[in-house]
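Notes for the one structure printed next.
First listed ligand is number 1; within each ligand, the first listed atom is number 1. Residues take their numbers from the sequence shown, with the count starting at 1.
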Amino acid sequence: MSNITFYSGEQFPLEMHKVRIVQKLNLPKVEDRLTAMEEAGFNTFLLKNENVFMDMLTDSGVNAMSDRQQAAMMQADDSYAGSATFTRLENKLEEIFGTKYFLPTHQGRASENIISQVLVKPNTIVPMNYHFTTSKAHITLNGGRVEEVFTDEALNLYSDAPFKGNMDIDKLNTLIEKEGAEKIAYVRMEAGTNLIGGQPFSLANLKEVRQVCDANDLLLVLDASLLADNLHFIKTREAAYKEASIRDITREITDLADITYFSARKLGNARGGAICTNNEEMYMAMREYITLYEGFLTYGGMSVREMEAIAVGLEETMDEEMINQGPEFIAFMTEELQKRGVPVITPAGGLGCHIDARAFVPHIEQADYPAGALAAAIYIASGARGMERGTMSEQRNEDGSELLANMELVRMAMPRRVFTLSQVKYVVDRIAWLYDNRELIEGIEFVEEPNVLRFFFGRLQAKSDWPERLAAKFREDFGDSL
Ligand SMILES: *Cc1c(COP(=O)(O)O)cnc(C)c1O
């Protein structure tokens, strides 16, 4: 779609698919959205989907499947051992990644569990471009430590750096020198770095990381969960790969890694996970854990139907017109919000559009959860739900004080091929209205606060009657409109 030039001179993403199955959406009235938010304890995780107009909570397991994926699911082979479905997926992974060995897992974090159990020993270190929640948890659970070696640009919210997911090579070398290579369990590179806004690494950077690994005899592990977006950004932002095919770029990336793993809830547009390698010793070591934690070696906890869908989904990921859909819709949303003055992370990444809550509602103290309050306000204003990625998502310090997050973000995820451009325009319109009425938004506080992962289940309340006043202002401005 990026190759389309419009007569009007306008530029906007054009869907290269048509819709053949639809799901009816419900847009409740603003008064009902207010009630639903109160009932959900001001936590978007606790909203019932029947009350959600646009579900922008996550891109995990909710991307739209193609007709070919659905068709492939019908021919899945259920046999426990020797399943033809396993062979089809194994062959597809070998064709695309160039890896001989494939271990199936039920989802991405299950791959992380197994890799960590095999490679992370107590007091070892895993350097990485940035952590992901589940990756870090499994490494620390096995007694290891995460060291983030990101570049200075990574945490700069307003940037034009094309590859904020790059690893800082000097910092990596310094770390290895200081700690000694024998203390490094492996080096982890995450494609489409999730927690800093779906930001990519460049192939040039990955090659440098590989050189450091070679010089120090270290394993390089690639988290390819968000690889599709990263492929698109390499092709469109890295000059040396302008003419390269997505397939060739993929192969160059996976050839540099010793182990490639991913969540098929993201990569492959289905549900499941995988670990791929050419290292026979690693394969043999990890294999035992598959049967222990996941299932037999030919399905690893996945349904064979999903495995068929992954094989086709991976093939479709090699199609540039398919994988550019997500990033281009996100870029559109980001640019439209910027035009209206709304503070958003730049450059636009994969995964979703990220709103800077500290700049949106600067009058709310961090301890009053500005990103949580903004996520609730966006739902009340639009019926769209995003996810808080700020202090609410952190865990308190041991002494009970708040651990204030580096960034206060609301992530509006863009599940792939799910929304039309007019729906994206709608949510931009409502967020712009909210921005013009931002002084109405105030803080929220916990009424039920779990000790771990409080953002999933915790219940909160508004610290004043601001949600009622916000809903009333909406009614005043929009009349009878939904
Ligand atoms: C989602 C994700 C995971 C974990 O995958 P699950 O399938 O949710 O367990 C790991 N790494 C990254 C980068 C992810 O985005």
**Request:** Specify the protein heavy atom at minimum distance from atom 15 (O) of ligand 1: its residue, its atom name, and the distance to 0.1 Å.
**Result:** Lys266 NZ, 2.7 Å
**Prompt:** Do Glu294 and Thr105 meet the criterion of a side-chain donor-acceptor pair at a distance under 3.5 Å?
**Reply:** no
**Asked** What is the nearest protein non-hydrogen atom to atom 12 (C) of ligand 1, stated with its residue, atom name and distance?
**Response** Asp223 OD2, 3.4 Å
**Asked** When you measure from the centre of the six-membered ring of Phe455, is the NZ or CZ of Arg389 under 6.0 Å away and within 45° of the axis?
**Response** yes
**Complete:** Closest to atom 8 (O) of ligand 1 (heavy atoms only, candidates Arg109, His106, Arg271, Glu190) is Arg109
**Message:** Are the side chains of Ile115 and Tyr186 in contact, using a 4.5 Å heavy-atom criterion?
**Reply:** yes
**Message:** Can you give me the closest heavy-atom contact between Thr298 and Tyr80, atom names plus distance?
**Reply:** OG1-O, 2.7 Å
**Prompt:** Which of the atoms in ligand 1, numbered in the order shown and given with their element, are less than 4.0 Å from a heavy-atom of Ser263?
**Reply:** 5 (O), 6 (P), 7 (O)
**Asked** Which protein non-hydrogen atom lies closest to atom 3 (C) of ligand 1, naming both residue and atom, and how far is it?
**Response** Phe132 CE2, 3.4 Å
**Prompt:** Between the side chains of Asn205 and Ser202, does any donor sit under 3.5 Å from an acceptor?
**Reply:** no
**Asked** Can Glu112 be said to touch ligand 1, with heavy atoms closer than 4.0 Å?
**Response** yes
**Prompt:** Taking non-hydrogen atoms only, is Arg265 closer than 4.0 angstrom to ligand 1 via side chain, backbone, both or neither?
**Reply:** side chain
**Complete:** The closest protein heavy-atom partner of atom 6 (P) of ligand 1 is Gln107 NE2, 3.3 Å
**Request:** Compute the shortest N/O to N/O distance between Gly108 and ligand 1 and return yes if it is under 3.5 Å, no if not.
**Result:** yes
**Asked** Can you tell me if Tyr426 uses its side chain to pair, donor with acceptor, with the backbone of Ser382 under 3.5 Å?
**Response** yes
**For Thr134, the option from Glu112, Arg109, Gln107 that meets side chain to side chain donor-acceptor pair (under 3.5 Å)** = Glu112
